Engineer: 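Take a look at the following structure, please.
Source: prediction; values computed, not measured. Sequence lines set the chain letters: A, B, ... in the order given, protein chains first and strands last, and positions in each chain run from 1.
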There are 2 protein chains.
Amino acid sequence: MMKYETVANDLKGKISGGTYAANSQLPSMGELCDMYGVSKITIKKAMDELEQAGLITRRRGSGSFVKKVIPQSNKLSNYELSSQMMGFCGEHSNTGEKVESVVHDFSVICPPSDVAECLGMDEDQFAYHIIRVRLADGKPLAIEYTYMPIDVIPDLRKKTLYASIYEYIEGDLGLKIDSAHRIVRAVMPTAEECDWLSITEDEPLLEIEQVGYLDDGTPFEYSVSKHPDSYEFRSISSK
Amino acid sequence: MMKYETVANDLKGKISGGTYAANSQLPSMGELCDMYGVSKITIKKAMDELEQAGLITRRRGSGSFVKKVIPQSNKLSNYELSSQMMGFCGEHSNTGEKVESVVHDFSVICPPSDVAECLGMDEDQFAYHIIRVRLADGKPLAIEYTYMPIDVIPDLRKKTLYASIYEYIEGDLGLKIDSAHRIVRAVMPTAEECDWLSITEDEPLLEIEQVGYLDDGTPFEYSVSKHPDSYEFRSISSK
DNA sequence: AAGTGGTCTAGACCACTTC
DNA sequence: AAGTGGTCTAGACCACTTC
């Protein structure tokens, strides 16, 4: 076993064991070098592993932080491995298409307990509840059901929903979006969803359940998006 | 722009431009150090990028090789980014479940032209065609439609299909499976598939189209698998 | 100014493949 | 034995954040 693996495994154990609690800061790379008696690059590589596994986030100039992590599903399903994926960019158009939104709900509520748990909220705390249909060049591409804690993303206005919430978060609020944990499924649309997406009831949808994290490890978004037909989800697996 | 990015971009250009052709070997790390005037770790990091992007595979002791890459879909779909995913382990049981297979077809044919293209085959070359239903503890978890070139995976027998083809490839043939490129969609089952999976016609399936690569960059498998209900596809995206 | 993580070097040593 | 990629070091320097 390589040194970086030894360090990574030890740190994983200490995170799941609670020595390093959710949202807490890890020792700096220099301190970890001393603690494990290895060089900085070895620590770096070990922390790369933790980041890939979705356990921590890192901020240059600030430090590394333990993520508040998704509750594990108890489905005996996915016998293929959990996975790691790069390329998070919200849902900006990257092909010059014109992206619009139709807002079907925008309210502040106490989220269901499973959503609250994903977001690290108490059950009596408030979150925005947003239902949007996203269109590219007038064609419906997705329905998004989103919850965001009001104290993590303050002062969200309806106007922002027609543009990009992510730009509001990164631009106006000066926060940094770091990563997302996703689960993909196939589902059938409801009657309402057929209406919103202009599809028939026999067209399946690709559902993506997602928890988004800021760069300090705080979950800022729980969302379920459902995509018709033309949507594909691509990935490259290695090793 | 960091040095490793400069190197990575240059190499990407030379791969897509044909200077380094599919299945050819890249210069060694030492040679690349000299060519770019940078240290070995910088070259390593640049090549990590290429590997993540699915462009090359690397073999300790042998060298780095350009992959024969998936033809790009011309769908204007997935406006989220293409992605990178770790954790390829065939479909072994990792939870102690008993995995079985029902073989519905096992023949040798000339594959359709799009499949041949993915596998880097001429249209008049032969491939195995396999249809299997995979069961875990007696419960149907997937249908797999698989093509494998007979000259890449020689002497495949029906007996192997009831166990793990991957174990045959890695164990008996001594080849090494390196990576897979995947596309995920939601689809409806055919009548035949409902029968095989013991589901009704209104249950959507998660479809995973996949090209598998050996560690020398050779595509060895084109497969489409379709999963009912209980299957989930997980990923963690970063940055 | 002090502290953080990120990049980079030059070189050592190792694991593995090929001949 | 020679060549490949992978790990690791000790230290320099940089970009960025926090105070």
Engineer: For C/dG6, does OP1 or OP2 lie under 4.0 Å from any side-chain N or O of A/Arg58?
Structural biologist: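 For C/dG6, OP1 or OP2 has a side-chain N or O of A/Arg58 closer than 4.0 Å.
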Engineer: With both distances kept under 3.5 Å, what pairs with D/dT4, Watson-Crick or G-U wobble?
Structural biologist: C/dA15
Engineer: Reckon A/Tyr4 has a side-chain N or O less than 4.0 Å from the OP1 or OP2 of D/dC8?
Structural biologist: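 No, no such contact exists.
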Engineer: Does the ring center of B/Tyr145 lie less than 6.0 Å from the ring center of B/His129?
Structural biologist: no
Engineer: Ignoring backbone atoms, test whether A/Ser62 places a side-chain nitrogen or oxygen under 4.0 Å from the OP1 or OP2 oxygen of D/dT17.
Structural biologist: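 Answer is no, no contact under 4.0 Å.
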Engineer: Look at A/Arg59 and D/dT17 and indicate whether a side-chain polar atom (N or O) is within less than 4.0 Å of OP1 or OP2.
Structural biologist: no
Engineer: Expressed in angstrom and rounded to an integer, what is the separation of B/Asp215 atom CG from C/dT17 atom C1'?
Structural biologist: 11 Å
Engineer: Return the value, rounded to whole Å, for the distance between atom CG of B/Asp34 and atom P of C/dG11.
Structural biologist: 12 Å
Engineer: Quickly work out the A/Glu51 CD to C/dT4 P distance and round it to whole Å.
Structural biologist: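 Whole-Å distance recorded here is 18 Å.
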Engineer: Can you name the nearest heavy-atom pair linking A/Val211 to A/Pro219, along with the distance?
Structural biologist: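 Where A/Val211 meets A/Pro219 most closely, the heavy atoms are CG1-CB, 4.1 Å.
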Engineer: Can you identify which nucleotide, out of C/dT17, D/dC8, C/dG5, has its nearest atom closest to the B/Lys176 side chain?
Structural biologist: C/dT17
Engineer: Specify the residue among A/Ile41 and A/Gly61 whose closest nucleotide of DNA chain C lies further upstream toward the 5′ end.
Structural biologist: A/Gly61
Engineer: In whole angstrom, give the distance that lies between atom OH of A/Tyr36 and atom P of D/dC8.
Structural biologist: 14 Å
Engineer: On the nucleotide D/dC8, are OP1 or OP2 found under 4.0 Å from the side-chain N or O atoms that A/Lys45 carries?
Structural biologist: no
Engineer: Is NZ or CZ of A/Lys158 both nearer than 6.0 Å to the six-membered ring centre of A/Phe106 and within 45° of the ring axis?
Structural biologist: no
Engineer: Quick one: closest heavy-atom pair of A/His227 and A/Leu141, and the distance?
Structural biologist: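 In terms of heavy atoms, the two residues are closest at ND1-O, 3.3 Å.
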Engineer: Expressed in angstrom and rounded to an integer, what is the separation of B/Met47 atom CE from D/dT4 atom P?
Structural biologist: 12 Å
Engineer: Determine, stepwise, if the pair A/Arg58 / A/Ile56 fulfils side chain to side chain contact (heavy atoms under 4.5 Å, CB included).
Structural biologist: CA-CA 7 Å; A/Arg58 289 186 282 183; A/Ile56 64 168; 4.1 Å; yes
Engineer: Within this structure, what is the NZ-to-P distance between A/Lys44 and D/dT9, rounded to whole angstrom?
Structural biologist: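 Value for this atom pair: 15 Å.
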Engineer: Paired with D/dA10: which nucleotide, if any, by Watson-Crick or G-U wobble criteria at under 3.5 Å for both distances?
Structural biologist: C/dT9
Engineer: Establish, with yes or no, whether the OP1 or OP2 oxygen of D/dT9 is under 4.0 angstrom from a side-chain nitrogen or oxygen of A/Thr42.
Structural biologist: yes
Engineer: In this structure, how many angstroms lie between the C1' atom of C/dC14 and the NZ atom of A/Lys3, rounded?
Structural biologist: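 Taking atom C1' of C/dC14 as the reference, NZ of A/Lys3 is at 12 Å.
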Engineer: How many whole angstroms separate atom CD of A/Glu5 from atom P of D/dG6?
Structural biologist: 13 Å
Engineer: Taking OP1 and OP2 of D/dG3, is either one under 4.0 Å from a side-chain nitrogen or oxygen of B/Ser28?
Structural biologist: no
Engineer: Please determine if a side-chain N or O atom of B/Lys40 lies less than 4.0 Å away from the OP1 or OP2 oxygen of D/dT7.
Structural biologist: no
